[in-house]
Structure formats: structure tokens, C-alpha cells
Chemist: 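The structure follows.
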Amino acid sequence: MRITVPAGGVGAARFLRGLKAEVPGAEITVIGNTGDDITLFGLHVSPDLDTVMYTLGGGIDEEQGWGRAGDSRTVLSELAAYGAGPGWFGLGDLDIATHLHRTSMLSAGLPLSAVTTVLCQRWQPGVRLLPMTDDRVETHVVLASDEGERRAGVGTERGGGTSMVHFQEWWVRMGAQVPATGFVFAGAEQASPAPGVLEAIAEADVILMPPSNPVVSIGTILAVSGIAEAMRAKTVVGVSPIIGGAPVRGMADKCLAALGVAASAAGVAAHYGPGLLDGWLVDEQDKAAADAPELAGITVRAVPLYMSSPAATAAIARAALDLALELHG
Ligand code: GDP
Ligand code: CA
């Protein structure tokens, strides 16, 4: 069986671990979000690709959800001693080796997709991990006002009442506490899907959407030209990242608010729409979503959605796959 999964970071990686355990024989292709990528100290950092790679490869810091287990911060503290910033982005020493290797291969002219394949030769994630594109796409956040920026102690990039910052600066440095009014996926329209991405969608039996951030993880992937269109032709089942009106972790509610989308299981499904989504898993406490008129055309099923243990996570993956296979016919 061929399963293709568009993926952000932590939510996706944990879901994928459950899916692998539940369907060991499946050929799983992961289309990773690269809108969160950022250049730090000259190094190309791909947080979402690495979270998937480390989690499935057994190297993840389980508690944190990202980065390497047992990592240290010697390099970062040496940089701080030079006054070299930014100081707000955590980079462990072990993790830096990945970024050094990635950056040197990119500098030698390899595309990110080929670089990711090389990195995965070490980690053996057991899935084919593809970046959504080899082109540069960067998620920027439109902030409500200069005032918001001043409160956060951030310099203003341009005046006139709005300003933009890199997604990581908003998410990590500001903790998403400065209200956003929109997101710009810079470069997405001009970007081409990476080699193998459209094929993996077209040839998939089903597409499963993990409980990733609908705006800055899945939304970015869908913004790359051709990807959303290819997915609409397939059977797509998604897992809600929102339970009981709040994200299970992170600040997806702040992202949804910027788009005027309700932070609810039904709100997210309506945002994706019946053109894209065939089936939608919601948590048992959100089972009323099944009767929401705005979800007409989407088959909603309520199951426990907390990925609280390997068994619970595998059961979520099984429920998503079963629904997809039923709808696929
Ligand atoms: P990020 O790139 O690291 O932020 O990771 P993702 O975009 O892949 O996933 C983030 C989303 O995962 C958040 O919106 C969370 O609400 C969601 N999430 C995390 N843990 C769980 C869980 O146990 N169950 C569900 N349903 N969603 C979860
Ligand atoms: Ca991310």
C-alpha cells in the first residue's frame, strides 16, 4: 500500500511513528514543510524535516519534541560569548553537525531533496522523506502593528502600521504573542514541487494528513504550486490538531485567528474544505462536528485523538487509514 503524508514537525512526526508501527508493510512518502527553514550563523536549518527524520530515526529529544536526544549547547554559548546572535533559537551541538553537513552539500550544488536523502541514509527513518520543494520558500508573518513589535522589543522592518518577520522570529522569539494578521509564503507560488512529490501524490492509494498546524505546516505545503490541485484528485483523510477548541501543543490557535478561522476541529476542516478533505477525524469531545453544516461533504468520525502513547498513536493512524480506505472504496 502507498500512503503519502504532508508533514510539519512534531505533530506529524509522532503520527508517522504510529502509522509506521500500525502498517509496517506500507510504502510511506512524507512531503515535508520547508517554510520554517531559516539560515542561522550561515547554516541552513530545516526544523520540520529534521523533526521527522530524528523522530523516525530514533534520535529525537522526546521531551522537547524536536532536536537531538542528549544534546548540549557548547557551540551556542561560545557564539554568545562573541555576542553573535540570534540567541533565541536553540541549536544543539549534535544538531549543528546535521546543519553543517546539509549546508556544505547545498553549497556544493546539491538540491535540498538530494541532501535530505543523504541525511536519511544515516537515520533510516523508514519512510521516503521529500522536502515539499527544492526552491526557497519562507513563511513570513504579517504583524498587526508597529506597536505590537515595540512591545515585543523587536525592530521595525517597515513603517505604516504593519510589518513582517520571519516565521521563526514570531514563533520562537515572540512566542506568537504579538497578534498576526496574515502569513506570506514567500516564493511558494513560483516554487516547483521537489522531484517525486507530485508522483507520490498521484500514485498514492490514500493521502493522510497528520495533526499538523493547518496554517504554517500544511498550509505552506498546499501553497506550493500544483500540490493542492494534485491532492484534490485523491482520497484525503485528516486528523484534527485541535481538540476541545485548543491546539494540543503549540500556538496553532494564533495562526488560525490571523486567518479568521475558528480554533475548533470543525473550523479547521471547513478551512481545508470538502474539495480537499474527504474524511476528518475529530476527538470524541468534538463529535458534534459531525453535524456541522459547514462540513457537508466531509465524512467526520470521532475517536480519541491524544497521541499519549505509542498504542494510542497507532490507533489514531489506524482509524485514519481505515476511514481513507472506506472512502476510497
Ligand atoms: P510543528 O511544526 O513542530 O509545530 O508540528 P506540526 O505542525 O506537525 O504539529 C503541530 C500540531 O500538532 C499542533 O497544532 C498540535 O495541536 C498538534 N498535536 C500535537 N500533539 C497532538 C496530539 O496528541 N493529538 C492531536 N490531535 N494533535 C496534536
Ligand atoms: Ca514547523
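Each ligand, and each atom within it, is numbered from 1 in the order the structure gives. All residue numbers in this chain count up from 1 along the given sequence.
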Chemist: Pick one of side chain, backbone, both or neither for how S240 approaches ligand 1, counting any non-hydrogen atom pair under 4.0 Å.
Modeler: backbone
Chemist: Given R73 and E78, is the salt bridge (Lys or Arg N to Asp or Glu O under 4.0 Å) satisfied, shown in steps?
Modeler: CA-CA 9 Å; R73 294 273 172 97; E78 279 296 299; over 6 Å; no
Chemist: May I ask whether G250 places a heavy atom under 4.0 Å from ligand 1?
Modeler: no
Chemist: Which heavy atom of A312 sits nearest to which heavy atom of Y306, and what is that distance?
Modeler: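 Reported closest heavy-atom pair: CB-O, 3.7 Å.
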Chemist: Looking at E62 and R17, is there a salt bridge between them, counting it only when a charged N and a carboxylate O are closer than 4.0 Å?
Modeler: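 The answer is yes: the pair qualifies as a salt bridge.
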Chemist: Does ligand 1 have any atom that is closer than 4.0 Å to a heavy atom of D48?
Modeler: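 Within the 4.0 Å threshold, so yes.
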Chemist: Between K20 and E22, is the salt bridge (Lys or Arg N to Asp or Glu O under 4.0 Å) condition met? List the steps.
Modeler: CA-CA 5 Å; K20 267 178 61 188; E22 190 60 28; over 6 Å; no
Chemist: Among all protein heavy atoms, pick the one closest to atom 2 (O) of ligand 1 and tell me residue, atom and distance.
Modeler: G9 N, 3.0 Å
Chemist: Give the atom numbers and elements of ligand 1 that come within less than 4.0 Å of a heavy atom of L305.
Modeler: 22 (C), 23 (O), 24 (N), 25 (C), 26 (N)
Chemist: Between T133 and P193, is there a side-chain heavy-atom distance shorter than 4.5 Å?
Modeler: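 No. Closest side-chain heavy atoms not under 4.5 Å.
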Chemist: Answer yes or no: is there a donor N or O on one side and an acceptor on the other, between the side chain of Q168 and the main chain of D36, under 3.5 Å?
Modeler: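 Yes; at least one donor-acceptor contact below 3.5 Å.
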Chemist: Shortest non-hydrogen contact from D93 to S72?
Modeler: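 For D93 versus S72, the nearest heavy atoms are OD2-OG, 2.6 Å.
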Chemist: Would you please classify the geometry between the F167 ring and the W170 ring as parallel, tilted or perpendicular, with 30° and 60° separating the classes?
Modeler: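 Plane angle between 30° and 60°, so tilted.
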Chemist: What atoms of ligand 1 come closer than 4.0 angstrom to any heavy atom of N213?
Modeler: 6 (P), 7 (O), 9 (O), 10 (C), 11 (C)
Chemist: Report the nearest protein non-hydrogen atom to atom 4 (O) of ligand 1: residue, atom name, distance rounded to 0.1 Å.
Modeler: W171 CZ2, 4.5 Å
Chemist: Checking salt bridge (Lys or Arg N to Asp or Glu O under 4.0 Å) for the pair D50/R102: CA distance, chi angles, key distance, verdict?
Modeler: CA-CA 11 Å; D50 287 349; R102 171 185 291 116; 2.5 Å; yes
Chemist: For atom 19 (C) of ligand 1, find the nearest protein heavy atom and state the residue, atom name and distance (0.1 Å precision).
Modeler: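 That would be R249 CG, 3.5 Å.
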Chemist: Write the atom name of the N, O or S atom in D48 that is nearest the Ca ion (ligand 2).
Modeler: OD1
Chemist: Give the atom numbers and elements of ligand 1 that come within less than 4.0 Å of a heavy atom of S217.
Modeler: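 Counting atoms of ligand 1 from 1, those under 4.0 Å from S217 are 2 (O), 6 (P), 7 (O).
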Chemist: Which atom name would you report as the N, O or S atom of D36 nearest the Ca ion (ligand 2)?
Modeler: OD2
Chemist: Side chains of T235 and D278 only: does a donor on one sit below 3.5 Å from an acceptor on the other?
Modeler: no
Chemist: I need the nearest protein heavy-atom contact for atom 9 (O) of ligand 1: residue, atom name and distance, please.
Modeler: G11 N, 3.2 Å
Chemist: Between D61 and Y54, does any side-chain donor sit less than 3.5 Å from a side-chain acceptor?
Modeler: no
Chemist: What I want to know is whether M307 and ligand 1 share at least one N or O pair that is separated by under 3.5 angstrom.
Modeler: yes
Chemist: Would one find an N or O of P247, backbone or side chain, under 3.5 Å from an N or O of ligand 1?
Modeler: no
Chemist: Which protein heavy atom lies closest to atom 3 (O) of ligand 1, and at what distance to 0.1 Å?
Modeler: V10 N, 2.9 Å
Chemist: Is A252 in polar range of ligand 1, meaning some N or O pair under 3.5 Å apart?
Modeler: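 Not met; the criterion fails.
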Chemist: Identify which of G65, G35, P211, S212 has a heavy atom lying nearest to atom 8 (O) of ligand 1.
Modeler: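 Comparing heavy atoms across G65, G35, P211, S212, the nearest one to atom 8 (O) of ligand 1 lies in S212.
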Chemist: Looking only at distances, can you tell me whether any N or O atom of I242, backbone or side chain, sits closer than 3.5 Å to an N or O atom of ligand 1?
Modeler: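 In fact, backbone or side chain, I242 has no N or O that close.
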